[in-house]
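Letters A, B, ... are given to chains in the order of the sequence lines, protein chains preceding strands, and every chain is numbered from 1.
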Protein chains: 2
Amino acid sequence: MEPTHLHPPVRCRMIDEVLSLIGDKWTIYVVVMLGQGKRRFSELKREVDGISQKMLTVTLRGLERDGYVTRTVHPTIPPRVDYELTELGRDLLVPVRALGDWASRHEARVVDARIRYDTRLAQAAE
Amino acid sequence: MEPTHLHPPVRCRMIDEVLSLIGDKWTIYVVVMLGQGKRRFSELKREVDGISQKMLTVTLRGLERDGYVTRTVHPTIPPRVDYELTELGRDLLVPVRALGDWASRHEARVVDARIRYDTRLAQAAE
DNA sequence: CTGTATCCTACGTGATACTG
DNA sequence: CAGTATCACGTAGGATACAG
């Protein structure tokens with residue numbers, strides 16, 4: 001059966017699973033970064049831009065728990081921890097990138113729509 | 001140029017546009033609902049399950065602002081307001097559904113991964 | 001280097017009451 | 001019916017300090 005054709009309540013529950021994944025501020029960024037290959041903690045910290053150490057840890061733990069990434073500790077000094085997408089994680093990258101690509105193609109239209117909406121609002125206020 | 005192949009910082013900004021859209025709790029649900037056709041306020045309120053009146057209003061305003069839905073007021077008594085996806089909104093439905101379908105296909109694996117992770121954690125704690 | 005622990009703030013969200 | 005306004009709360013998330 002095609003999930004797309006399930007009735008509304010069921011679809012919502014399905015989507016809920018994804019939302020819990022991408023609903024937070026950083027998960028998608030981290031997944032996309034790891035999509036370019038294995039990364040260590042400090043590399044991600046540097047690359048994911050504004051992320052705090054705390055949120056990177058929290059995000060990675062969540063991804064590990066859900067089976068999207070593996071965490072490999074190298075018992076060296078100083079310690080080194082590598083994070084890598086699992087097959088499931090790499091698979092997730094496909095729809096996530098589709099969404100990202102869509103966004104990049106339609107970004108301008110959204111920005112335009114916002115400007116028009118805000119302008120209309122401001123005029124109505126006068 | 002294929003957006004998928006842009007370098008990391010650019011991709012992140014693109015994804016950011018989508019995240020601001022789907023980052024909140026209700027937007028996706030409402031979009032999916034409207035994907036099945038025009039709806040009035042009270043119908044959405046009933047169908048989107050746990051949503052409050054306030055959040056439905058907020059969500060719809062955001063979608064309208066971004067150009068994903070149109071808002072049509074019928075000056076009748078009692079008032080009637082119809083919401084409908086624009087072409088942009090219907091277009092967005094494609095990658096959103098792809099993500100939903102992916103979730104429905106892989107839901108079980110994520111649940112399994114969580115159970116395994118939590119079990120391992122609990123054992124390690126003993 | 002890779003975390004964990006604690007505190008603190010801001011914001012999203014819900015409940016409730018009111019309006020056109 | 002379709003909102004708006006106000007309050008009250010919980011939690012996400014940042015800053016900081018500390019640990020292995």
Collect all protein-nucleotide pairs involving nucleotides 15-20 of chain C in which both atoms are nitrogen or oxygen and the distance is under 3.5 Å.
none

Taking the side chain as C-beta and beyond, is there a heavy-atom pair between A:Lys38 and A:Tyr83 under 4.5 Å?
-> no
Between A:Arg80 and A:Asp82, is there a side-chain N and carboxylate O pair less than 4.0 Å apart?
-> yes
Minimum-distance nucleotide to B:Val81 side chain [options: D:dG13, D:dA2, C:dT13] = D:dA2
A:Met33 CE to A:Asp49 CG distance, which is reported to the nearest 0.5 Å | 8.0 Å
Apply salt bridge (charged side-chain N to carboxylate O under 4.0 Å, His left out) to B:Asp91 and list each qualifying residue two or more places apart in sequence or on a separate chain.
-> none
Rounded to whole angstroms, how far apart are CG on B:Leu60 and C1' on D:dT4?
-> 15 Å
Between D:dT4 and B:Arg61, is there an OP1 or OP2 to side-chain N/O distance shorter than 4.0 Å?
-> yes
In whole angstrom, give the distance that lies between atom CD of A:Glu43 and atom P of C:dT2.
-> 8 Å
Would you indicate, yes or no, if D:dG3 has its OP1 or OP2 atom less than 4.0 angstrom from a side-chain nitrogen or oxygen of B:Lys45?
-> no
Within this structure, what is the CZ-to-P distance between B:Arg40 and D:dG3, rounded to whole angstrom?
-> 10 Å
From CE of A:Met55 across to P of C:dT4 the rounded distance in Å is 13 Å
Look at B:Thr57 and D:dA2 and indicate whether a side-chain polar atom (N or O) is within less than 4.0 Å of OP1 or OP2.
-> no
Of all the nucleotides listed (C:dG14, C:dG3, D:dA2), which has the minimum atom distance to the side chain of B:Phe41?
-> D:dA2
Measure from the side-chain N and O atoms of A:Thr86 to the backbone N and O of A:Tyr68, and report whether any donor-acceptor pair falls under 3.5 Å.
-> yes
Grab the two heavy atoms, one from B:Lys45 and one from B:Ile51, that are nearest each other, plus how far apart they are.
-> NZ-O, 3.5 Å
